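Some notes on the structure that comes next.
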Amino acid sequence: MTPVSDPSSYSSLSKCTTKHLNLIYHVDFDRHVLKGKVALTVEVLEDKFSSLTLDSKDLTIFKVSANGQAAQFALGAKHKSKGSPLEITLPFEVSRGQHVIVEIEYETSPSATALQWLTPAQTAGKKHPYLFSQCQATHCRTMVPCQDSPSVKHTYYAQVSVSKELVALMSALHDGQEPDPSDSSRIIYRFRQPVPMPSYLIAIVVGALESREIGPRSRIWSEKEYVEKGAFEFSETETMLKTAESLAGPYVWGQYDVLVLPPSFPYGGMENPCLTFVTPTVLAGDRSLAGVIAHEISHSWTGNLVTNRTWEHFWLNEGHTVYLERMIARCMESEQLRQFKGIGGWKELQESVKQFGANNVLTNLVPNLHEVDTDEAFSLVPYEKGYALLYHLEELMGGPEVFMGFVKSYIQMFAYGSVTTEEWKKYLFTYFKDKVDILNKVDWNAWMHTPGMPPVKPQYDTTMADACTALCQRWVKAKEEDLATFTEADVKKFNSPQLIEFMALLLQEEPLPLSHVKKMQEVYQLSDVKNAEVRFRWLRICVKAHWEEAVPLALKMATEQGRMKFTRPLYKEVYDFSKYRDEAVKTFKEHRGELHPVTAMLVAKDLKIDG
């Protein structure tokens, strides 16, 4: 393995590596802090080792010891995104190959970016507070001082003390619970994670949670208001897990539970091991859920088992995961659906590239993240440009079965470790050694290190998309006198993905005249659709057409949930409607406190609000 330098971490990656983490948390809802104690089992990689640096951000460090002896420590200057290096000096020297246990007593800050503390009013049940974490990419350092780099993998054990009426869960297997001996009104939950994993997958949630069994190795967890609906909608989880295993190899994490979070969760899903986090916006039924769950299940192999060495190689996590997710769709539904999803993905890539600007180096498949905040670099590029490359290679190498053989072999080769783009490419050339001449013709520099759209546009089968394209064009070309020709039958045969595709196509065109959009509502009744993916696009179409009645609806959707995929474009759309620009800013300022800190930071940037 090549020596690691990670532009997003301060920790000493070449001197030592964490093998195990033992965490003790006391969750304090009154002060919005975790009082913590962590013991890191560190393997030493050099002789005469006597100091190490860990990542930390906004932590108060009380004391540090090494093998039980007091150790000196100092926090370096704070960097806006990377935090403060925690420099620890050991009271002794350690030789290469030995282990040392570094124990740190500390407390998190109420403004820790990994944590969102919700008031009872922000939950479904309205009675109890709620806490959840989101560590990816570099926020774990705000809740645990650690080597916060995906190149380091460790097991972990944890004990979490919470108030009796609450339940704690982590990205690990349950290991029992007991009354807190130091406080009879509290309970301690225990967790163990026996599979080595990177720090960004450490996750915690505390709330009034209930669960239902949804399969032999799966439960759904949520507040009781969502639990029945969730159990019904996630009923295909086991089938999906089995399908993924048939493609990628055995599922090694034991349990696969799903947690439905409150609406402010900023992502569609997060692949925390043993406990996938998902947004409640997927609970609108009609299969918008399947893609999210297939994606998070796929991460159990690509991302969690084989991990990008640094965030510059994030496409290795996400491109392969989208590839696997769409292979699951192919197995469970049809090859046509996989092709259709590819078309939709290409469109989302175009929108992403347009947003960043076609010359922006952050649209490179492998960007340089030196002095870049990983949250600001986050986009769909690694997902969809990564997928486009893998699909292109699939076509060159002999089709889905042949290429899936490579992906499975790649997973076995790098399982339990981390990987860079160079190592992935070298393995690709080794695996397809009889096709090296074809691989050499690929314009690798254009794919990997050039901004903008990929050099090759895949030729997808358009069977499922043709009807969407045709209807979109009818609306775009329609004159006032043609509007009477549209009827509800136009969309009757569309499934949810097709309705979404139809709207995504409209969003790529010049805004429709207001009369058209009003007619569309009259015949298709789109304002009544519950599916969040449909509703979000429909409201954008309305606001783009300057339909004033849609503005409060768009702002309502932007505020009643906090998934970045929806909230950011909705605010931006209203902001770009100059008459309502101030309204967008005012609404955001009023609701800012309900948003996740990362979402709030990015929306503020979008709306040009500083500070």
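If you're wondering where the values come from, they're calculated on a predicted model, not measured in any experiment.
Annotation: side chain of Lys586 is in contact with side chain of Glu583 (closest heavy-atom distance under 4.5 Å). Between Trp538 and Val517, the closest side-chain pair of non-hydrogen atoms falls below 4.5 Å. The closest side-chain heavy-atom distance from Met601 to Asp375 is below 4.5 Å. Side-chain atoms of Pro454 and Leu349, non-hydrogen and from C-beta on, do get closer than 4.5 Å to each other. Under the 4.5 Å side-chain criterion, counting only non-hydrogen atoms from C-beta, Val260 is not in contact with Lys229. Contact check for Phe577 versus Glu573: no side-chain heavy atoms found under the 4.5 Å cut-off. In this structure, the side chains of Phe536 and Asn531 stay at 4.5 Å or more apart for every pair of heavy atoms.
Crowding of Lys126 atom NZ: a count of heavy atoms from other residues, nucleotides or ligands under 6.0 Å exceeding 12. Annotation: Lys425, atom NZ; neighbour count of heavy atoms from other residues, nucleotides and ligands within 6.0 Å is above 12. Atom CD of Glu481 has more than 12 heavy atoms from other residues, nucleotides or ligands within 6.0 Å.
Exactly one of Arg563, Arg535, Glu533, Lys565 qualifies for a side chain to side chain contact (heavy atoms under 4.5 Å, CB included) with Thr281. That residue is Arg563. When each of Phe406, Phe403, Trp424 is checked for a ring-ring contact (aromatic ring centres under 6.0 Å, His included) with Tyr431, only Phe406 meets the rule.
Between Phe378 and Tyr267, a ring centre-to-centre spacing shorter than 6.0 Å is recorded. Aromatic pair Phe132/Phe277: centroids not less than 6.0 angstrom apart.
Although no hydrogens or angles enter the test, the distance criterion places no donor-acceptor pair under 3.5 Å between the side chain of His392 and the main chain of Val456. Proximity of a side-chain donor or acceptor of Ser211 to a complementary backbone N or O of Ile220 within less than 3.5 Å is not detected. For the pair Gln498 (side chain) and Met464 (backbone), a donor-acceptor distance under 3.5 Å is present. With hydrogens and angles ignored, the 3.5 Å screen pairs no side-chain donor or acceptor of His596 with any backbone N or O of Ser264. Distance alone, capped at 3.5 Å, is enough to place a donor-acceptor pair between the Thr487 side chain and the Ala489 backbone. Counting only distance, with no hydrogens or angles, the side chain of Thr243 and the backbone of Thr239 share a donor-acceptor pair below 3.5 Å. In this structure, Thr363 contributes its side chain and Gly452 its backbone to a donor-acceptor pair below 3.5 Å. Under a 3.5 Å cut-off, the side chain of Asp461 and the backbone N or O of Gln336 do not form any donor-acceptor pair. Of the possible donor and acceptor atoms, none in the side chain of Thr462 sits under 3.5 Å from a partner among the backbone N and O of Ala465. Looking only at distances, no side-chain donor or acceptor of Asn308 sits under 3.5 Å from a matching main-chain atom of Trp311.
Side-chain contact annotation: Gln561 with Thr279, donor-acceptor N/O pair under 3.5 Å absent. Side-chain contact of Thr321 with Ser298: a donor-acceptor pair under 3.5 Å is absent, judged by distance alone. If you check the side chains of Tyr391 and Gln339, you find a donor sitting under 3.5 Å from an acceptor. No hydrogens or angles considered: nothing links the side chains of His591 and Glu560 as a donor-acceptor pair under 3.5 Å. No side-chain N or O of Ser218 forms a donor-acceptor pair with one of Glu238 less than 3.5 Å apart.
Contact detail for Phe566 and Ala532: the closest heavy-atom pair is CE1-CB, 3.6 Å. Scanning all heavy atoms of the two residues, the minimum distance from Leu365 to Val381 falls at CD1-O, 4.5 Å. Leu275 and Leu259 get closest at one heavy-atom pair: CD1-CB, 3.9 Å. Nearest heavy atoms, Val419 versus Val306: CG1-CG1, 3.7 Å. Taking every heavy atom of both residues into account, Asn445 and Thr450 meet most closely at O-OG1, 2.9 Å. Residues Gln122 and Pro263 approach most closely at O-CD, 4.5 Å, considering heavy atoms.
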Output, in order, the C-alpha distance, side-chain angles, deciding distance and verdict of salt bridge (Lys or Arg N to Asp or Glu O under 4.0 Å) for Lys544 and Glu509.
CA-CA 11 Å; Lys544 272 188 195 295; Glu509 302 284 344; over 6 Å; no

Test salt bridge (Lys or Arg N to Asp or Glu O under 4.0 Å) on Lys354 and Glu351; report intermediate values, then the result.
CA-CA 5 Å; Lys354 198 170 115 191; Glu351 194 164 314; over 6 Å; no

Between Arg330 and Glu394, is a salt bridge (Lys or Arg N to Asp or Glu O under 4.0 Å) present by the stated rule, with each step listed?
CA-CA 14 Å; Arg330 165 190 158 95; Glu394 172 196 297; over 6 Å; no

Please report the C-alpha distance between Lys224 and Glu210 in whole Å, then the side-chain angles of each, then the deciding distance to 0.1 Å, and finally whether the salt bridge (Lys or Arg N to Asp or Glu O under 4.0 Å) criterion is met.
CA-CA 6 Å; Lys224 72 164 179 287; Glu210 294 190 5; 5.2 Å; no

Stepwise, does the side chain to side chain donor-acceptor pair (under 3.5 Å) test hold for Glu223 with Tyr130?
CA-CA 10 Å; Glu223 292 183 78; Tyr130 195 108; 5.9 Å; no

Starting from the C-alpha separation in whole Å, work towards a yes-or-no answer on side-chain contact (heavy atoms from CB on, under 4.5 Å) for Leu512 and Met520.
CA-CA 10 Å; Leu512 287 172; Met520 198 179 285; 3.7 Å; yes

Intermediate values then yes/no, side-chain contact (heavy atoms from CB on, under 4.5 Å), Leu390 and Trp315
CA-CA 11 Å; Leu390 296 174; Trp315 84 271; 4.3 Å; yes

I'd like to know whether Leu201 forms a side-chain contact (heavy atoms from CB on, under 4.5 Å) with Met270, so could you lay out the CA-CA distance, the side-chain angles of the two residues, the decisive distance to 0.1 Å, and finally the verdict.
CA-CA 9 Å; Leu201 293 174; Met270 178 62 209; 3.8 Å; yes

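In this structure, OH in Tyr200 is found 9.5 Å from CG in Asn272, a value given to the nearest 0.5 Å. Considering CG of Asp576 and CZ of Arg540, their distance stands at 10.0 Å, rounded to 0.5 Å. Taking CD1 of Ile328 as the start and CD of Glu236 as the end, the distance is 11.5 Å to the nearest 0.5 Å. The NE2 atom of His299 sits 3.5 Å away from atom CD of Glu271, with the distance rounded to the nearest 0.5 Å. Note that CG of Leu369 is 4.5 Å distant from CD of Glu312, once rounded to the nearest 0.5 Å. With rounding to the nearest 0.5 Å, the separation of CG in Leu555 from OH in Tyr571 is 6.5 Å.
Ring orientation note: the planes of Tyr410 and His320 are close to parallel, at an angle under 30° on the 30°/60° scale. Using cut-offs of 30° and 60° for the angle between ring planes, the Tyr383 and His295 rings count as parallel.
Under 4.0 Å is where a charged nitrogen must lie from a carboxylate oxygen, and between Glu384 and Arg326 at least one such pair does. The pair Glu245-Lys242 fails the salt-bridge criterion, with no side-chain N (NZ, NE, NH1 or NH2) lying under 4.0 Å from an Asp/Glu carboxylate O. Salt bridge present: Lys492 and Glu488 bring a charged side-chain N and a carboxylate O closer than 4.0 Å.
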